[in-house]
Amino acid sequence: MDYSFDEDQEAYRLLVRAFAAKTLAPHYQRDDKTAEFRRQLALDMAGMGLTSLRIPAEYGGQEATAVIAGIATEEVGRADFNATYLIINTALISDIIVRNATHRQKSAWLPGIASGETIPCICITEPGHGTDAASLEVRAVRTDTGWTLHGEKTSVTLGMASDRAVVLARTGGPGARGVSAFWVDLHQPSVTRSVFDDLGSRAIGRASIHFDATPVAADELIGAEGDGFVSVMQGFDYSRAIIGLGCIGAAEISLEEALQWSRDRVAFGRPIGTFQGVSFPLAECATYLRGARHICLEALWRKDNGLEHSAEAAMAKFWAPKLATEVIHQCLLTLGHVAYSSDAAIGQRLRDVIGLEIGDGTAQVSKLVISRHLLGRQFAP
Ligand SMILES: Cc1cc2nc3c(=O)[nH]c(=O)nc-3n(C[C@H](O)[C@H](O)[C@H](O)COP(=O)(O)OP(=O)(O)OC[C@H]3O[C@@H](n4cnc5c(N)ncnc54)[C@H](O)[C@@H]3O)c2cc1C
């Protein structure tokens with residue numbers, strides 16, 4: 001058993017840390033204030049290979065392992081939590097395309113994602129269906145040249161900025177088997193979008209997207225008709241562990257700030273870290289973070305080694321965002337009044353990580369997966 005990264009993984013971690021500190025961190029709070037997505041961010045991330053981690057080399061990608069994608073997300077999460085969405089989206093979507101699309105489709109679609117020129121999003125949630133995604137109602141209607149899409153998707157990460165979307169739409173009867181996946185051009189006049197005024201991750205432009213008879217060509221179907229739901233959901237197993245590491249990165253940097261403050265800040269004639277009331281909660285934060293980080297990395301390691309990893313990814317997804325929220329909150333309290341100002345990044349981190357307690361599935365869904373794994377389908381909820 002080996003608990004450390006190998007030499008290449010460690011070198012990569014340091015490389016991404018330096019890039020993120022120099023190129024991403026200075027924009028974290030500025031982008032929140034303008035609440036606008038900068039295209040340059042995608043190009044900067046692409047320049048570091050961060051939008052092409054899971055894309056095969058023949059389509060312009062890094063062909064990185066899932067563990068490497070996790071390392072990158074944790075390091076980016078320390079500097080600019082919102083930039084992790086670009087890793088999560090591109091890794092999840094390119095994984096779906098790699099597993100299900102034809103060579104011709106991959107050649108046409110993946111290089112743009114890799115270069116940062118095509119910003120992709122994924123459209124599953126609808127106003128009437130979130131957790132119960134298999135009941136989705138957006139319809140794809142057959143035409144002579146392909147399909148037209150009808151209806152509204154909502155809560156789409158990068159929905160305002162995206163050029164293309166993986167859209168799940170109903171092509172058949174009820175349930176998951178009636179759903180197909182399409183690669184849709186969002187720059188069409190029949191596509192309209194509106195942005196949410198969000199609590200956090202404001203620069204990401206979470207949006208509703210309305211399709212009013214939006215044409216989709218026959219060769220923009222991903223995989224076989226009726227396979228869309230299953231092929232998209234399989235990708236989530238892996239992205240959930242990556243999400244966990246992004247949240248942990250944001251919590252780690254907050255903990256480092258709180259530890260430094262505990263050494264520097266003096267009260268009653270002593271550094272505040274010498275009070276157990278200050279240091280013990282931070283000791284607990286460090287312990288829990290280490291545990292959650294191990295689960296995330298184990299899920300990714302299992303994926304890389306072809307092992308079943310749904311339960312581990314679900315554990316990572318329910319625990320890490322919740323824990324990160326709690327840790328950042330505790331650290332904010334340790335920093336005192338100076339942290340309760342928008343001048344400090346820590347309050348923004350708190351607002352931002354809460355979003356991923358919901359996005360990509362809530363804790364309840366993850367616990368459903370874990371329960372079924374533990375008990376067997378017939379004895380679980
Ligand atoms: C920051 C963010 C980013 C997102 N990005 C995307 C995206 O890119 N693409 C996309 O398609 N969607 C995205 N979403 C939407 C997200 O996937 C949904 O919000 C999520 O699946 C939950 O759906 P809902 O919000 O409609 O809640 P609902 O499904 O209405 O659930 C409401 C509450 O009931 C609970 N609940 C529901 N069913 C059960 C059950 N069977 N057992 C126990 N509890 C249950 C839920 O856990 C939740 O607490 C994003 C959301 C957020 C906040």
Side-chain angles (χ1 to χ4, degrees), residues 3-6 8-21 24-25 28 45 48-51 53-54 62 64-92 94-95 157 201 204 235-256 285-305 309-328 349-350 352-361 363 366:
Y3 264 112
S4 57
F5 292 139
D6 67 27
D8 289 347
Q9 290 166 331
E10 183 59 15
Y12 181 72
R13 190 181 72 76
L14 294 175
L15 192 71
V16 178
R17 177 169 295 197
F19 160 80
L24 305 180
Y28 179 52
M45 298 276 286
M48 264 302 283
L50 293 168
T51 57
L53 287 166
R54 299 288 292 164
Q62 308 296 309
T65 61
V67 167
I68 280 287
I71 291 172
T73 313
E74 182 181 2
E75 291 302 329
V76 168
R78 292 170 58 94
D80 178 350
F81 178 76
N82 294 320
T84 67
Y85 277 101
L86 275 170
I87 304 182
I88 296 160
N89 260 28
T90 54
L92 170 65
S94 43
D95 238 38
T157 294
S201 293
I204 286 312
F236 277 100
D237 264 1
Y238 134 85
S239 72
R240 285 180 173 152
I242 292 193
I243 285 175
L245 284 167
C247 294
I248 285 171
E252 282 168 342
I253 188 86
S254 304
L255 180 58
E256 286 168 24
C285 288
T287 308
Y288 295 142
L289 277 181
R290 188 169 299 194
R293 183 171 183 266
H294 277 308
I295 288 180
C296 296
L297 288 170
E298 186 190 347
L300 297 172
W301 175 85
R302 291 181 71 86
K303 175 164 174 85
D304 285 338
N305 286 280
H309 54 282
S310 301
E312 291 78 9
M315 290 173 187
K317 177 60 180 65
F318 110 70
W319 194 21
K322 177 178 184 291
L323 176 64
T325 303
E326 290 164 0
V327 167
I328 297 170
R349 284 189 213 120
L350 183 58
D352 289 352
V353 295
I354 288 173
L356 283 178
E357 286 197 70
I358 305 168
D360 219 292
S366 295

Cation-pi check for Tyr238 against Arg54: NZ or CZ below 6.0 Å from the six-membered ring centre and within 45 degrees of the axis, yes or no? yes

Considering all heavy atoms of both residues, which atom of Thr157 and which atom of Asn89 are nearest to each other, and what is their separation? O-ND2, 3.8 Å

Could you check if a side-chain atom of Pro321 sits within less than 4.5 angstrom of a side-chain atom of Val353, using non-hydrogen atoms only? no

Any ion pair linking Lys322 and Glu326 (charged N to carboxylate O, less than 4.0 Å)? yes

Decide yes or no for Thr51 and Ile87: does some side-chain heavy atom of the first lie under 4.5 Å from some side-chain heavy atom of the second? no

Between Glu75 and Phe19, is any pair of side-chain heavy atoms under 4.5 Å apart? no

Looking at every heavy atom in both Ala66 and Asp304, which two are closest together, and how far apart are they? N-OD1, 2.7 Å

Contact between Trp319 and Ser366 at the side-chain level, heavy atoms closer than 4.5 Å - yes or no? no

Would you call Arg13 and Glu74 a salt bridge, taking side-chain N to carboxylate O under 4.0 Å as the test? no

Tell me the closest heavy-atom pair linking Gly70 and Leu300, and the distance in Å. CA-CD1, 3.7 Å

Can you tell me how far CG of Leu350 sits from OG of Ser254, rounded to the nearest 0.5 angstrom? 8.5 Å

Pair Met48, Leu15 - check side chain to side chain contact (heavy atoms under 4.5 Å, CB included), show working. CA-CA 9 Å; Met48 264 302 283; Leu15 192 71; 4.1 Å; yes

Salt-bridge criterion met for Lys317 and Asp360 (N-O under 4.0 Å): no

Closest non-hydrogen atom pair between Ala79 and Ala21, with its separation: CB-N, 4.3 Å

Quick one: closest heavy-atom pair of Thr84 and Gly246, and the distance? CG2-CA, 4.2 Å

Test log, rule side chain to side chain contact (heavy atoms under 4.5 Å, CB included), inputs Trp301 and Thr65: CA-CA 9 Å; Trp301 175 85; Thr65 61; over 6 Å; no

If you round to the nearest 0.5 Å, how far is CD of Glu252 from CZ of Arg290? 10.0 Å

Straight-line distance of Ile68 CD1 to Gln9 CD, nearest 0.5 Å: 5.5 Å

Stepwise side chain to side chain contact (heavy atoms under 4.5 Å, CB included) check, Phe5 with Leu297: CA-CA 10 Å; Phe5 292 139; Leu297 288 170; 4.1 Å; yes

Show the numbers, then the answer: is there a side chain to side chain contact (heavy atoms under 4.5 Å, CB included) between Tyr85 and Val76? CA-CA 10 Å; Tyr85 277 101; Val76 168; over 6 Å; no

Decide yes or no on side-chain hydrogen bond (donor to acceptor under 3.5 Å, both in side chains) for Arg349 and Tyr28, but give the supporting numbers first. CA-CA 10 Å; Arg349 284 189 213 120; Tyr28 179 52; 5.2 Å; no

State, yes or no, whether a side-chain contact exists between Asp237 and Lys303 at a heavy-atom distance under 4.5 Å. no

Could you pull out the closest heavy-atom pair between Ala69 and Ile242, with the gap in Å? CB-CD1, 3.6 Å

